[in-house]
Amino acid sequence: MSTSDSAIPVEEQAKLVEASKRLAAFQAVKEHLDPSYTRVGIGSGSTVVYVVDAIAALGPGVTAGMSFYPTGAQSEELIEAAGLRLQYISKLPAGAQLDVAFDGADEVDDDLNLIKGGGACLWQEKIVAASANKFVCVADFRKLSPRLGTSWKKGIPIEVLPMAAPRVLDELKRMGSHNPRVRPGLPGKAGAIVTDNGMWIIDAPFTPLHLPKDSAESGIRAGNEDNGVWTVDALADRLIKIPGVAEIGLFYGSNGLQVASGAQKPVAAYFGMADGTVKVKTAAGL
Ligand SMILES: O=C[C@H](O)[C@H](O)[C@H](O)COP(=O)(O)O
């Protein structure tokens with residue numbers, strides 16, 4: 001069964017997706033929120049709502065000693081509404097790390113690289129994820145994908161300084177992006193969408209991204225600019241260097257780096273499946 005099954009009414013499909021997010025969130029919290037933890041990162045999006053529900057359900061006996069670090073305005077509200085203690089990443093003492101951070105994703109590939117930013121949150125999310133001893137991704141079955149750009153067709157979200165947007169769009173086209181665009185704020189806002197950081201988002205579609213191991217096996221040159229086919233790492237390394245780009249919605253890095261300080265990839269991704277089970281993918285070697 002899949003949500004694209006036309007035999008399932010739209011409302012039922014939506015319920016199935018929400019139920020799967022909830023299942024994944026509760027299991028991820030159960031398996032990764034140790035009662036001894038004191039600092040917990042909370043990401044953004046619709047799936048994280050269930051993460052906060054799962055944490056709040058543990059009760060003050062477990063959560064009273066914990067502080068919760070948001071990735072933006074939405075998660076700040078979620079934390080406060082759940083009666084959890086709010087703290088800010090800017091107040092994290094030098095050298096300290098969060099114990100764990102939970103967040104959603106728009107797409108997750110075989111190597112646990114992520115696309116994030118579908119809801120215009122990615123910059124603070126990356127800082128919080130990279131400040132955690134372990135980053136745990138929570139999603140539903142629609143996000144599972146062998147290669148980034150396979151199911152998430154809207155493009156890689158890129159947070160840019162507004163005055164630089166035209167130049168960044170030019171460069172993205174040169175790099176092989178198909179019709180990159182500044183994300184509109186409509187229907188809520190005329191003009192471009194504005195992030196929590198006062199920036200714009202460009203969505204840059206690329207041909208599905210290869211894993212570094214594909215490159216090694218097939219001889220595809222990493223960052224092949226001739227035909228617009230990129231490996232995740234080569235594309236990310238190049239995008240982040242474009243002047244005017246503040247941050248990119250690719251969470252990536254060499255395998256095995258998930259537990260290093262500054263790592264962007266999750267140690268585990270939890271997917272609520274359409275059949276009511278939860279699929280867990282963990283980083284190799286962890
Ligand atoms: O910009 C939004 C964030 O990156 C979200 O974590 C991501 O879009 C997934 O959101 P959702 O859980 O609503 O699918």
Side-chain angles (χ1 to χ4, degrees), residues 3 13-29 40-55 68-79 89 100-109 112-130 132 135-145 148-160 182-185 188-189 192-205 236 246-252 264-266 268-274 278:
T3 50
Q13 291 180 26
K15 275 189 202 160
L16 189 60
V17 169
E18 291 310 305
S20 67
K21 290 178 190 175
R22 189 172 189 282
L23 270 177
F26 273 73
Q27 187 166 325
V29 167
V40 180
I42 299 292
S44 319
S46 58
T47 313
V48 160
V49 172
Y50 298 108
V51 170
V52 174
D53 284 352
I55 294 172
F68 295 85
Y69 294 73
T71 52
Q74 181 223 357
S75 47
E76 187 172 330
E77 279 177 23
L78 283 175
I79 292 166
I89 205 79
V100 62
F102 297 95
D103 204 349
D106 300 304
E107 197 173 22
V108 184
D109 76 12
L112 299 184
N113 297 295
L114 311 178
I115 290 181
K116 291 181 52 54
C121 298
L122 59 92
W123 195 1
Q124 294 187 43
E125 290 185 329
K126 194 173 278 190
I127 293 166
V128 168
F135 168 36
V136 177
C137 181
V138 185
D140 63 78
F141 54 92
R142 301 168 305 164
K143 316 294 182 64
L144 251 176
S145 182
L148 299 182
T150 311
S151 61
W152 182 259
K153 301 280 189 199
K154 296 177 185 173
I156 296 163
I158 301 173
E159 190 156 355
V160 297
V182 173
R183 190 182 298 177
K189 175 191 172 296
I193 204 164
V194 178
T195 70
D196 286 343
N197 315 304
M199 302 283 159
W200 287 359
I201 295 284
I202 288 177
D203 291 302
E247 191 48 272
I248 59 174
L250 283 174
F251 285 43
Y252 72 110
Q264 304 176 12
K265 284 165 66 170
Y270 286 69
F271 302 91
M273 304 305 289
V278 176

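All values below were derived from every heavy atom in this structure, side-chain atoms included, with hydrogens, water molecules and symmetry-related copies excluded. Order of listing sets the numbers, starting from 1, for every ligand and every atom in it.
Of the heavy atoms in Asp103, only side-chain atoms (C-beta onward) come closer than 4.0 Å to ligand 1. Neither the backbone nor the side chain of Pro157 comes within 4.0 Å of ligand 1, counting heavy atoms alone.
Trp200 places a side-chain heavy atom less than 4.5 Å from the side chain of Val194. Contact check for Leu112 versus Cys137: no side-chain heavy atoms found under the 4.5 Å cut-off. Side chains of Lys21 and Arg142 form a contact here, defined as non-hydrogen atoms less than 4.5 Å apart. Two residues are said to be in side-chain contact when any heavy atoms from C-beta on lie closer than 4.5 Å; Ile42 and Val48 meet this criterion. Here the side chains of Lys265 and Leu114 are not in contact, with every heavy-atom distance at 4.5 Å or above. Counting heavy atoms from C-beta on, the side chains of Met273 and Leu23 never come closer than 4.5 Å.
Between the side chain of Glu247 and the main chain of Leu122, no donor-acceptor pair closer than 3.5 Å is present. Although no hydrogens or angles enter the test, the distance criterion places no donor-acceptor pair under 3.5 Å between the side chain of Gln264 and the main chain of Ala129.
An N or O contact shorter than 3.5 Å is missing between Arg142 and ligand 1 by distance. For Lys143, a nitrogen or oxygen atom sits less than 3.5 Å from a nitrogen or oxygen atom of ligand 1, counting backbone and side chain alike. Polar contact check, Ala120 against ligand 1: a nitrogen or oxygen pair lies under 3.5 Å apart. Polar contact check, Leu122 against ligand 1: no nitrogen or oxygen pair lies under 3.5 Å apart.
With sequence neighbours left out, the salt bridge (charged side-chain N to carboxylate O under 4.0 Å, His left out) criterion links Arg183 to Asp203.
Residue contact check: Lys116 has heavy atoms under 4.0 Å from atoms 3 (C), 4 (O), 5 (C), 6 (O) of ligand 1. Every atom of ligand 1 with a heavy atom of Gly104 under 4.0 Å away is listed here by number and element: 6 (O). Atoms of ligand 1 lying under 4.0 Å from any heavy atom of Cys121, numbered from 1 in the order shown and given with element: 1 (O), 2 (C), 3 (C), 4 (O).
If you run side-chain hydrogen bond (donor to acceptor under 3.5 Å, both in side chains) between Lys116 and each of Asp106, Thr71, Asp103, only Asp103 comes through.
Of the protein's heavy atoms, Thr47 OG1, 2.6 Å lies nearest to atom 12 (O) of ligand 1. From the protein, the heavy atom lying nearest to atom 2 (C) of ligand 1 is Gly119 N, 3.2 Å. Counting only heavy atoms of the protein, atom 3 (C) of ligand 1 lies nearest to Glu125 OE2, 3.3 Å. Nearest protein heavy-atom contact of atom 11 (P) of ligand 1 is Ser46 OG, 3.4 Å. Closest to atom 10 (O) of ligand 1, if we only count protein heavy atoms, is Gly45 CA, 3.9 Å. Nearest protein heavy-atom neighbour of atom 6 (O) of ligand 1: Ser44 O, 2.7 Å. Looking only at protein heavy atoms, the nearest one to atom 8 (O) of ligand 1 is Asp106 OD1, 2.7 Å.
Checking Glu159 against Asn197 by side-chain atom types alone, a donor-acceptor pair falls below 3.5 Å.
For atom 4 (O) of ligand 1, the nearest non-hydrogen atom from the set Gly249, Gly72, Gly117, Cys137 comes from Gly117.
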